[in-house]
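Throughout, a chain's letter reflects where its sequence line sits, starting with A, and its residues are numbered from 1.
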Number of protein chains: 2
Amino acid sequence: MSTSTREKIIQLGDDLLRRQGFNAFSYADISKPLQIRNAAVHYHFPSKQDLAFAIAQWHKDIFDRFSQKMATKEPKDRLKTFLNFYHSIHLSEKVDIISAFATDWYSLGPNIQTEVQEFTELVIEWLTELIQEGMDLGQFRETQNTRTTALRILSSIFASTQLVRITSDQDFTLVKNSILKELLN
Amino acid sequence: MSTSTREKIIQLGDDLLRRQGFNAFSYADISKPLQIRNAAVHYHFPSKQDLAFAIAQWHKDIFDRFSQKMATKEPKDRLKTFLNFYHSIHLSEKVDIISAFATDWYSLGPNIQTEVQEFTELVIEWLTELIQEGMDLGQFRETQNTRTTALRILSSIFASTQLVRITSDQDFTLVKNSILKELLN
DNA sequence: TTGCAAACTTATTAGTAAATAAGTAATTTA
DNA sequence: TAAATTACTTATTTACTAATAAGTTTGCAA
């Protein structure tokens, strides 16, 4: 299965968005590595906003597939997979997609903002349910508000992918282990 | 005491950096509101990197004064003031300065990166000491690793200032209260 | 009062940005 | 096999970017 040009543009765009930020990359940064002309990128995504929208949708799709694949696993393992996923992100000098969009929030059109909001709520709800399930099964320590717990886990790993740029990888590991330790019985 | 043009540029630059990101604002965005010419900004800060460096230094100074003023207060109150400070940030649609710099990390020259690293370490150490002191005084619950606790608090509020752009102000309040509740005896 | 430095302005440049129009080749469809 | 659609290319435009050179005003110091 060969990857289409459209798909390649989305993947490279996502990479640049999360490594440098929405306003820090140009169409040339996409066309050059793919060895196509600038206008070819515009053919697939007339405006940069269109590209951003496609990237947001792409992540929604990926997360859908991820959560379906994880559905059968037990909460503890689901959480570990989730945390490891974010650990791998920052090793490639990127931040997570939600932080990336949040950063450039006021550069984004309303349709993209809505898409990102829906995606974010999806992730928060997924985490909230995961925590509730883990508590019901006695795998996780009881917490008052599961959404708050979910938010704090999300916040921690999101910020960590950014903070390790400044401090060190070791700090990310500290945080990750602390989340697990605090939650697990 | 009237504010100098140099100071005004730094303050407006800081505002733009944290609201839109380093690559999303231009010298025109600074010169226009201040009703000066573009070149006047270049007079004070020849390059955009010079401006970013000045903003980093400015925050270091502010934090120095903040921590000196807080030195006499007890840990619990110091923490509350700290959290409220960050709560006020996101109400003005900005993110904290460390997250802002982290986002545009690869657009920054090495001298700025060093400055930001020093500033970040300063804040982490300040928080770590605060937690240790609070534990010693019996005001805070005992935790294994004070640096980890500091990192998690920092991560939570940093990410929250970004996340609330996407979700809601209510989510920030949830996180803030959760931090206090978790730590306080 | 003269001179000189600080704090600007006007004017310009070289480079890059997103975006679009018009043309072309290859593939698909009717 | 003719026509239309897809996936591009070349060429160009408009607008903005950071940055600099050269000139001007203003206030202070010798």
Side-chain angles (χ1 to χ4, degrees), chain A residues 1-56 58 100-101 103-113, chain B residues 1-56 58 100-101 103-113:
Chain A
M1 191 190 95
S2 65
T3 321
S4 67
T5 302
R6 193 193 138 88
E7 183 85 357
K8 279 182 197 160
I9 294 171
I10 291 178
Q11 283 177 23
L12 187 49
D14 169 68
D15 200 88
L16 290 162
L17 170 65
R18 291 160 62 198
R19 199 183 301 265
Q20 324 210 53
F22 184 69
N23 295 294
F25 77 88
S26 71
Y27 271 54
D29 294 321
I30 290 174
S31 58
K32 245 181 251 169
L34 298 183
Q35 300 193 69
I36 52 174
R37 300 301 126 193
N38 224 304
V41 186
H42 278 284
Y43 168 75
H44 289 285
F45 306 99
S47 79
K48 215 178 166 184
Q49 297 282 330
D50 295 322
L51 175 56
F53 188 77
I55 293 171
W58 186 61
F101 275 128
T103 295
D104 298 312
W105 192 246
Y106 302 107
S107 304
L108 305 173
N111 59 328
I112 309 171
Q113 291 189 342
Chain B
M1 192 190 95
S2 64
T3 321
S4 67
T5 301
R6 193 192 137 89
E7 183 85 356
K8 279 181 196 160
I9 294 171
I10 290 177
Q11 283 177 24
L12 187 49
D14 170 68
D15 200 87
L16 290 162
L17 169 66
R18 289 162 59 198
R19 199 182 302 266
Q20 325 209 52
F22 184 68
N23 295 293
F25 77 89
S26 71
Y27 271 54
D29 294 321
I30 290 174
S31 58
K32 247 182 248 167
L34 298 183
Q35 299 193 66
I36 51 174
R37 301 301 127 191
N38 224 304
V41 186
H42 278 285
Y43 168 75
H44 290 286
F45 306 99
S47 80
K48 216 178 166 185
Q49 297 283 331
D50 294 323
L51 175 55
F53 188 77
I55 293 172
W58 186 61
F101 276 128
T103 294
D104 298 311
W105 193 246
Y106 302 108
S107 304
L108 307 172
N111 58 328
I112 308 171
Q113 291 189 341

- Measure the distance from NE2 on B:His44 to P on D:dA18 and round it to the nearest whole Å. 17 Å
- Quick one: A:Glu7 CD to D:dA7 C1', roughly how many Å, whole number? 16 Å
- From CD1 (A:Ile30) to OG1 (A:Thr5), nearest 0.5 Å: 12.5 Å
- Message: With side-chain contact (heavy atoms from CB on, under 4.5 Å) as the criterion, how do A:Tyr27 and A:Phe45 come out once you've worked through the C-alpha distance, each side chain's angles and the decisive distance to 0.1 Å?
- Response: CA-CA 10 Å; A:Tyr27 271 54; A:Phe45 306 99; 4.2 Å; yes
- Message: Quick check on C:dA7: is either OP1 or OP2 less than 4.0 Å from any side-chain nitrogen or oxygen of B:Thr5?
- Response: no
- Task: Applying side-chain contact (heavy atoms from CB on, under 4.5 Å), run through B:Tyr43 and B:Arg6 and close with a yes or a no.
- Result: CA-CA 9 Å; B:Tyr43 168 75; B:Arg6 193 192 137 89; over 6 Å; no
Just the atom pairs and distances: protein N or O near nucleotides 9-19 of chain C's N or O, under 3.5 Å.
from	atom 1	to	atom 2	distance (Å)
C:dT9	OP2	B:Arg37	N	2.9
C:dT10	OP2	B:Arg37	NE	3.3
C:dA17	OP1	A:Ser26	OG	3.2
C:dA18	OP1	A:Lys48	NZ	3.4
C:dA18	OP2	A:Tyr27	N	2.9
C:dA19	OP2	A:Lys48	N	2.9
C:dA19	N7	A:His42	NE2	3.2

- Would you mind telling me which of A:Thr103, A:Asp104, A:Ile55 makes a side chain to side chain contact (heavy atoms under 4.5 Å, CB included) with A:Phe22? A:Asp104
- Without swapping roles, check the side chain of B:Gln113 against the backbone of B:Trp105 for a donor-acceptor pair under 3.5 Å. yes
